[in-house]
Amino acid sequence: MPGAKKTGGAKEGYPPPRGRWLGEVWDSTIGKKVIVAITGVILAGYVVLHVLGNLKAFQGDGSGGAPLDDYAEWLRTVGSPAVPRDGILWLVRLLLIAALILHVAAITALVKRNRAARPSVQRTPPKLERTFSSRTMMFTGLFILAFTVFHILQFTTRTVQITPVYQGTVYANVDAAFQKWYFVLLYVGAVVALGFHLRHAIWSVTQTLGWDKPNRNATFRRFATGLAVAITVGFASVPICFYLNILPDPPTAQAVAER
């Protein structure tokens, strides 16, 4: 159309380019916060399912195999025969990787934007009344990210094998790993950091999505604290109980692998 004016990259009278709203969401501070909230909920949901799966270690190791091993095998075969082996598992992994990348990228962009918005004479933000979990969000997030990479290299890809790690013998693998005090310490430290991170993250989601109100904020805070504590205790109990020999010893990992 001759003489048509461009508005936001689109000609007047024409619809905007497809997908432009995605860029607008990303460019806005609120949009980034919503992305952090949504991806955080996805990651938190996975954490809840993961800890429930880990707790199957308390069923021990029977003559027919450990329930924890059966659960790990089920994750690989769910949807079979309609879905190829590991198909659903890889879809979940790709979703989690995408959520993690977006989560980290949005948080990084928000931190940079906040710093750039401060006057040059005020690079140190004023001290506010903040909880410990709020003040340590960046540290706990980086620690959890580094631990996640190590955890995957140890138990998923089996790239790091300080202790024996065999395919399909999850119970025996974690039993061997958690006989080492330094693995127990690292794992417990990571889940404690996760607990603090989750506590503030869950509370922040209610604010970002506009659910917070004075008459229900206390309930949201209690829920965030309770869920964070439950997840921390659930994760930490497994390595501690293996180390203290509360959980029954499996056959050697090699013997389990040869069943």
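On a predicted model such as this, the values are computed, not experimentally measured, just so you know.
When all heavy atoms of Thr163 and Ala176 are compared, the pair lying nearest together is CG2-O, 3.8 Å. Between Pro67 and Gly60, the closest heavy-atom pair is CD-O, 3.3 Å. The two residues Leu96 and Leu43 come nearest to each other via the heavy atoms O-CD2, 4.0 Å. Across every non-hydrogen atom of Ala57 and Leu68, the tightest pair is CB-CD2, 4.2 Å. In terms of heavy atoms, Pro250 sits closest to Ala172 at CG-CA, 3.8 Å. Residues Ala44 and Leu198 come closest through the heavy atom pair CB-CD2, 4.0 Å.
Ile240 places none of its side-chain heavy atoms less than 4.5 Å from the side chain of Phe178. Side chains of Val191 and Ile231 form no contact here, defined as non-hydrogen atoms less than 4.5 Å apart. Between Asp249 and Asp175 the shortest side-chain heavy-atom distance falls below 4.5 Å. Under the 4.5 Å side-chain criterion, counting only non-hydrogen atoms from C-beta, Leu227 is not in contact with Arg199. Between Phe196 and His200, every side-chain heavy-atom pair lies at or beyond the 4.5 Å cut-off. At a threshold of 4.5 Å between non-hydrogen side-chain atoms, the residues His50 and Phe235 count as touching. Inter-residue side-chain proximity for Trp181 and Leu185 is flagged as met; some heavy-atom pair is nearer than 4.5 Å.
Panel note: side chain Asp69, backbone Val170; a donor-acceptor pair is recorded below 3.5 Å. Side-chain N or O atoms of Asp61 include one that pairs as donor or acceptor with a backbone N or O of Ala66 at under 3.5 Å. In this structure, the side chain of Ser28 engages the main chain of Gly31 through a donor-acceptor pair within 3.5 Å. Between the side chain of Lys32 and the backbone N or O of Leu110 there is no donor-acceptor pair closer than 3.5 Å. Side-chain atoms of Asn217 come within 3.5 Å of backbone N or O of Lys213 as a donor-acceptor pair. Of the possible donor and acceptor atoms, one in the side chain of Ser237 sits under 3.5 Å from a partner among the backbone N and O of Gly234. A distance-only check finds a donor-acceptor pair linking the side chain of Gln161 to the backbone of Arg158 [under 3.5 Å].
The OG1 atom of Thr225 sits 13.5 Å away from atom CZ of Phe220, with the distance rounded to the nearest 0.5 Å. Here the straight-line distance linking atom OG of Ser204 with atom NZ of Lys33 works out to 9.5 Å at 0.5 Å rounding. Going from atom CG of Asn114 over to atom OG1 of Thr29 covers 7.0 Å, rounded to the nearest 0.5 Å. Put simply, OH on Tyr166 and CG on Asn173 are 8.5 Å apart, with the number rounded to the nearest 0.5 Å. Annotation: the span from Gln179 atom CD to Leu244 atom CG amounts to 9.5 Å, rounded to 0.5 Å.
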Are Leu91 and Leu95 close enough, and set up right, to give a side chain to side chain contact (heavy atoms under 4.5 Å, CB included), and what steps lead you there? CA-CA 6 Å; Leu91 285 176; Leu95 172 64; over 6 Å; no
Side chain to side chain contact (heavy atoms under 4.5 Å, CB included) for Phe223 and Thr219? Distances and angles first, verdict last. CA-CA 6 Å; Phe223 173 76; Thr219 300; 5.5 Å; no
Going through the distances and angles, do Val36 and Thr208 end up as a side chain to side chain contact (heavy atoms under 4.5 Å, CB included)? CA-CA 9 Å; Val36 170; Thr208 299; over 6 Å; no
For Leu145 and Leu100, run side chain to side chain contact (heavy atoms under 4.5 Å, CB included): C-alpha distance rounded to whole Å, both residues' side-chain angles, the deciding distance at 0.1 Å, then the answer. CA-CA 9 Å; Leu145 181 60; Leu100 180 61; 3.9 Å; yes
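Sorted by first then second residue, the side-chain hydrogen bond (donor to acceptor under 3.5 Å, both in side chains) pairs that include residues 139-155, not counting sequence neighbours, are Thr140-His197. Among residues at least two apart or in separate chains, side-chain hydrogen bond (donor to acceptor under 3.5 Å, both in side chains) pairs with a member in residues 81-94 are Glu73-Arg85, Arg76-Asp86. Among pairs with a residue in residues 94-110, those fulfilling side-chain hydrogen bond (donor to acceptor under 3.5 Å, both in side chains) read Thr39-His103, at least two apart in sequence or across chains.
Hydrophobic cluster of Phe139: no remaining members, since no ILVMFWY side chain lies below 4.5 Å from it.
Shown here is Tyr71, whose OH atom has more than 12 heavy atoms of other residues, nucleotides or ligands within 6.0 Å.
No chain of hydrophobic side-chain contacts below 4.5 Å, direct or via other Ile, Leu, Val, Met, Phe, Trp or Tyr residues, connects Val205 to Ile144. By the rule that hydrophobic residues join a cluster once side-chain heavy atoms approach within less than 4.5 Å of another member, Val92 and Val41 end up as members of separate clusters. Hydrophobic clustering, with ILVMFWY side chains joined whenever heavy atoms are under 4.5 angstrom apart, keeps Leu102 apart from Val47. The same ILVMFWY cluster, assembled from side-chain heavy atoms under 4.5 Å apart, contains both Val238 and Val188. Side-chain heavy atoms closer than 4.5 Å link hydrophobic residues (I, L, V, M, F, W, Y) into clusters, and following such links, possibly through other members, connects Val174 to Phe150.
Every residue meeting the side chain to side chain contact (heavy atoms under 4.5 Å, CB included) condition with Leu142, not counting sequence neighbours, appears here in chain and number order: Met138. With sequence neighbours left out, the side chain to side chain contact (heavy atoms under 4.5 Å, CB included) criterion links Val233 to Val229.
Checked against a 6.0 Å centroid threshold, the rings of Tyr243 and Phe183 do not count as neighbours. Checked against a 6.0 Å centroid threshold, the rings of Phe242 and Tyr171 count as neighbours.
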